[in-house]
Structures are given as C-alpha cells and as structure tokens.
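Here the structure is a predicted model, which means the values were calculated and not measured.
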Amino acid sequence: MKIDMPFEHSETVDLALDTIKKDKQALIFVNTKNSAEKQAEDISKQIKNIDLEELSYEILNVLPTPTKQCKRLADCIKRGIAFHHSGLNSKQRELIEDNFRTGAIKIICCTPTLAAGLDLPAFRAIIKDLKRFTSRGMQFIPVLEYLQMAGRAGRPKFDSVGEAICIAKSDSNNEEIYEKYIMGEPEDIYSKLAAEPVLRTYVLSLIASELVGSKKELMEFFEKTFFAHQYEDMAQLNSLVMRVVGMLKDWEFISVESADSETSDFTSADFFGEETYKATLLGKRISELYLDPYTASKLIDGLKNNKDKVEFSYLHLISNTLEMRPLLSVTKAESEDIEEKLELSREYILDDEDFFEDYYTFMSSIKTAFFLEEWINEKDEDFLLTKFKVRPGEIKYKTNIADWLLYSCHELAKLLMLKEQLSSIVKVRLRLQYGVKEELLPLVKIKGIGKVRARKLFNNNIKDVRGLKKVDISSLKRIVGEKMGVNIKKQLLMG
DNA sequence: GGACGGTGAAACTTCAGGTTGCCTC
DNA sequence: GAAGTTTCACCGTCC
C-alpha cells in the first residue's frame, strides 16, 4: 500500500498506462458518473495498440437507437477502457464485467458500484476521489467505503500482491489521507432505524404482522434494538415511536384501544398502559406493499381527490413521493418550460400542497412526472438523455419504482372502493413498463413484441391480435423479421 | 464582407447506489 | 466545493 504524490499532471492517466504496460488490470474509483466517463475517455485517448472492434460494436448497439452515452462508451471500449456506473444499460454492464474478467478490458473507471456488490478484483485499485458531495458539502467518505474499494486490489488466483493507490491532491491532502484512511479505524456502524420514514414503515409492519399488539410490547421491542442501544435516551425514543403511532392512527392504518380510558390522558406519556394496537385492512396492505405509511397517505388523498384524472395526474401523484427521490432538478434555462407545463396540467394535479410549501421541490416533481410522461409517449433513450439528462440505467430504475408505486395505487384504490379508477391505473402501468402509447397496448401483450416491433406493426396498419391474425405470414416476416414472424404466428395459433 | 473554426474564460450544472410488489410461458 | 459541460465573445482565416 502506498500513497502517490501528484505527478506533473494527470497522474491517474499515467498510472493507467503503466498498469497496461505491466500487462495488468486496474479499477479506478471516482465520485461521480460524469467523472468516470471523462476519466475513461482521457485514458482511452492515450491508447494506440488495443482494438476491440467487435465488443465496441456490440456495446454500441444494445438499444434500438444508441445514445450519446453508448457512443462514448463504445469509443472507450475500443481501446480496452470502460466506464461503469448505475446509468449504464444492464446489458452493457454485464458485457463490461465479463470482458474485464477475461482480461480484454484493461481499465474500468467506476463509481463505488463496483466496490460493493460485484466480485471484480484487479491488480490495482486506484482511488482517485476520497471526498464526495453530501448535504453538508464535500465530505470524506467513510473509512469502511475506502476499505471496500482498496479491497478490490489483488486477484487471489492470479497475483500474489495487489496495489491500492490513493491520489492526493496536495501535501496536506496527502497527510489527511494517510491519517484518516491508511492509519485510521473504520467508524462505528449506525442504525438506520433513526430515519423517520424507516421508523414509520417498521412500526406499521410490527403491528400488521402481529409481532406486537400493545404499547408495552412495542416499547419492549424497540428497547432491544440496536437503534435503542445507540439512542440511549429512552424517553426520547419513546416519544418518537409514539408520535409515529399517532400518525398511523390518524391515517387509519391502525386502530388503538385503551383498556382504561380514564387514565389514557396526555398525562400518561411515559406510562406503559394497556393500549392495544391492531392494523386495519388498509394498514395491512400498505405494510405488505412495503410502502412508507406517509407515502401511502399521500397516495390515498390523491386517489380520493375529485378532480378529473388523466395520465399526468397519476404520474405526478407518484412523482411527489419520497420513494421517487432524488427528483429531476429544474435548471434555470428550462424553468419557464416547466412552469408552462404546470399551467397546462394544473387542473389535473392531485397533490399541490408543495406548490405553496416548497416550490422548488414541487417544480422538480412536475419535471419528474413530465419525464415519465415523455417515456410513455415513446420518446427514446437518447431523447430522454438529451432533454432530461437521465441515463438509460436510470430510466430503468425510475420506471421500476414508478411501477411499484402505481401498483400500490391500484391496490389502494381497490380497498378504497374507487373501482372506476382501476382500469386507468392499469393502463398507465402497462404503458410505463413498455414505454408505449396506449394504441400499442394490444400488441405489446404478445411475447417478443416490445415497443419497437409494436410501433413498426402499428405503422403497417396492424393494430391488434385480429390484425396479426389477418396479415399473411410473408408480410409479417417483412415487418418483424423471419424468426419473429413465425414465432408470432405460432403464438396466435396456440392462444 | 461574411461564414466558419478554434480558443479560452466565464457561467452554469451537477454531484453514489438501487431494497421493497407482482407476474410469466 | 470541485469537476465537468455549455455558452459566448473574440480572433484569425479562407472563400
């Protein structure tokens, strides 16, 4: 283990080139997706004698139309260099990981993704950034995370040693890194229960699963948790938990009964009375859905709202939750656009409390909903990357959460007897899954037909199963290809 | 004269990751 | 707070 002083310039590129010269591989850890891409690009420009034409081509074409990100990645890959972060398409990630294992790819510039989950060791782990942006400005990352990254150095089967290299930006930075990371101890682990959304979800699930049925049992449970161990102040923990119980009761997710109603005044704050808890039907379902009760209450209010509802209503309702965060932020240049969008949709927005409370967040939720709307109107990945700066991997992630929330809306609407909304929610959900307009839904139900083929068929005037049955096989083959044509016809015969 | 291209400084943005639900032939 | 990207003014060149 050693710390390098800065070279004249671009020490990271030099280290990467040196690694390749030694016929070894390296992982370079940086703190943002953009930096990962830029770093990979900078290194790849210095490489002359590697040419992975085929792999580069494969990586470029994982989507129907390549995005700028795909092109950038493909250019790097050609030279044996990759960038890797959560914004990549999953197929691309897989290709990079596999080809790093085989040794074809020499260097991966990555965000911490690669440190935790994946088993991708390399001769060198180069840790370029030890600070990361947080709500309190730039902060050193935890020692534990540093160890995760440094731990990628050395491949047990191939190398007898590994090198973990930190890049210091100055002499004083060098000192800091040495003290904090090389000599320092990992910090204590903190319970995540303390965050209120987690506490809310947890309390409801304890009651819904009948693990606890009374105030006494609830408090006993929390006293035994790691959280209480760290919290120490039991009185405060008590009041925090009781506040959550109060909220759950107000939202009618649990029912509370007092054995002795005379003593259950506010005077009994720290009296473990015989208050008993039971989850309502609604509360049970919310717990099963793993929803934060606060989110659930917001969704319920929205669904009950009497306003006319269009797709955007639902998309905004789910965009305005904690689960969808971080939301897409609104830039100066586009703020007028988003305001205009808001004006157009204002009458269909079910939850506009934040318009007055927290305007900036509200506008972000509008932009996020707008992004989802573009997606269900068949805008492709490159368009969304350019317009919203949302990368393919992030589209997948966001739409997946949105899908879960829409499913939750559907389940809630069912319990609330809001039957008239069910079919529109199902429709939005399906459109979100496939990224298609409503007119393609009948086609997309068939196996092997996604947004691209469905659009092609539709434009050839084949609009549903009936149309597919009517069209002759040769025309069908012409539209969707030889194999797919046969496949579809087969399915129609069986179904 | 004007279209084009290159350059650099200033202004502007953005900042890691990824569990939960249900379903499928 | 820092790195990366975009924008814009400025200058020189070529047709």
In whole Å, what is the span from the CG atom of A/L385 to the C1' atom of B/dT14? 14 Å
Between B/dC22 atom P and A/I425 atom CD1, what is the distance in whole Å? 16 Å
Does the side-chain ring of A/Y397 sit on the six-membered ring of the B/dG18 base, less than 5.5 Å centre to centre and under 30° in tilt? yes
In the strands shown, is B/dA16 matched to any nucleotide by a Watson-Crick or G-U wobble pair with both distances under 3.5 Å, and which? none
Please tell me if A/K33 has a side-chain N or O lying less than 4.0 Å from either OP1 or OP2 of B/dA16. yes
In terms of the nearest nucleotide of DNA chain C, which residue is placed more toward the 5' end: A/G137 or A/K389? A/G137
Measure the acute angle between the ring planes of A/F388 and A/F371, then classify it against the limits of 30° and 60° as parallel, tilted or perpendicular. perpendicular
Rounded to whole angstroms, how far apart are CG on A/D129 and C1' on C/dA2? 9 Å
Toward the 5' end of DNA chain B, by each residue's nearest nucleotide, A/M138 or A/A116: A/M138
Proximal nucleotide (of C/dG4, B/dA16, B/dT20) relative to the A/E145 side chain: B/dA16
Check the distance between C/dT5's P and A/Q69's CD and give it to me in whole angstrom. 12 Å
Does a side-chain N or O from A/S329 land closer than 4.0 Å to OP1 or OP2 of B/dT14, or not? yes
Which is true for A/E288 with a 4.0 Å heavy-atom rule: it touches a base, it touches only sugar-phosphate, or it touches nothing? sugar-phosphate
Per A/N400 side chain, nearest of listed nucleotides B/dG21, B/dT13, C/dT5: B/dG21
Which value, in whole Å, describes the distance between the C1' atoms of nucleotides C/dA3 and B/dG18? 24 Å
Starting from P on C/dG4, measure out to CZ on A/R72 and report it in whole angstrom. 9 Å
Distance in angstrom units between A/Y407 OH and B/dT24 C1', rounded: 15 Å
Does NZ or CZ of A/K437 fall inside the cone over A/F458's six-membered ring, less than 6.0 Å from its centre and within 45° of the axis? no
Is it true that a side-chain atom of A/T280 and a backbone atom of A/E252 form a donor plus acceptor pair closer than 3.5 Å? yes
Is the shortest side-chain N/O distance from A/S408 to OP1 or OP2 of B/dG21 below 4.0 Å? no
Please determine if a side-chain N or O atom of A/K131 lies less than 4.0 Å away from the OP1 or OP2 oxygen of C/dA3. no
Classify the angle between the aromatic ring planes of A/Y407 and A/H410 as parallel (below 30°), tilted (30 to 60°) or perpendicular (above 60°). parallel
Looking at the side chain of A/H85, which of B/dG17, B/dG21, B/dT20 is the nearest nucleotide? B/dG17
A/R391 vs B/dT14: side-chain N/O to OP1/OP2 distance below 4.0 Å: no
From the list A/D129, A/I127, A/L15, side chain to side chain contact (heavy atoms under 4.5 Å, CB included) with A/I167 holds only for A/L15
Roughly how many Å apart are C/dG1 and B/dT19, using the C1' atom of each and rounding to a whole number? 31 Å
Any side-chain N or O of A/T111 less than 4.0 Å from the OP1 or OP2 oxygen of B/dG17? yes
Remember a base hit wins even if backbone is also touched, and classify A/L405 as base, sugar-phosphate or nothing at under 4.0 Å, heavy atoms. nothing
Separation of B/dT20 atom C1' from A/D292 atom CG, nearest Å, is 12 Å
Verify the contact: side-chain N or O of A/S86 to OP1 or OP2 of B/dG18, cut-off strictly under 4.0 Å; return yes or no. no
For the backbone of A/I376 and the side chain of A/R431, can you confirm whether one donor and one acceptor N or O come within less than 3.5 Å of each other? yes
Ring of A/Y290 versus six-membered ring of B/dG21: centres under 5.5 Å and planes under 30°? no
A/T113 has a side chain; which of B/dA16, B/dG17, B/dC12 sits nearest to it? B/dG17
Is the side chain of A/Q25 donor-acceptor paired with the backbone N or O of A/A122 at a distance under 3.5 Å, no angle test? no
Looking only at B/dA16, B/dT13, B/dG21, the nucleotide nearest the A/R429 side chain is B/dG21
Touch class at under 4.0 angstrom, heavy-atom based, for A/N31 against every strand present: sugar-phosphate
B/dC25, OP1 or OP2 - any side-chain N/O from A/K447 closer than 4.0 Å? no
Between B/dG21 (P) and A/H410 (NE2): distance, integer Å: 17 Å
Can you tell me if A/R132 touches the phosphate of B/dT14, counting only side-chain N or O atoms and a distance under 4.0 Å to OP1 or OP2? no
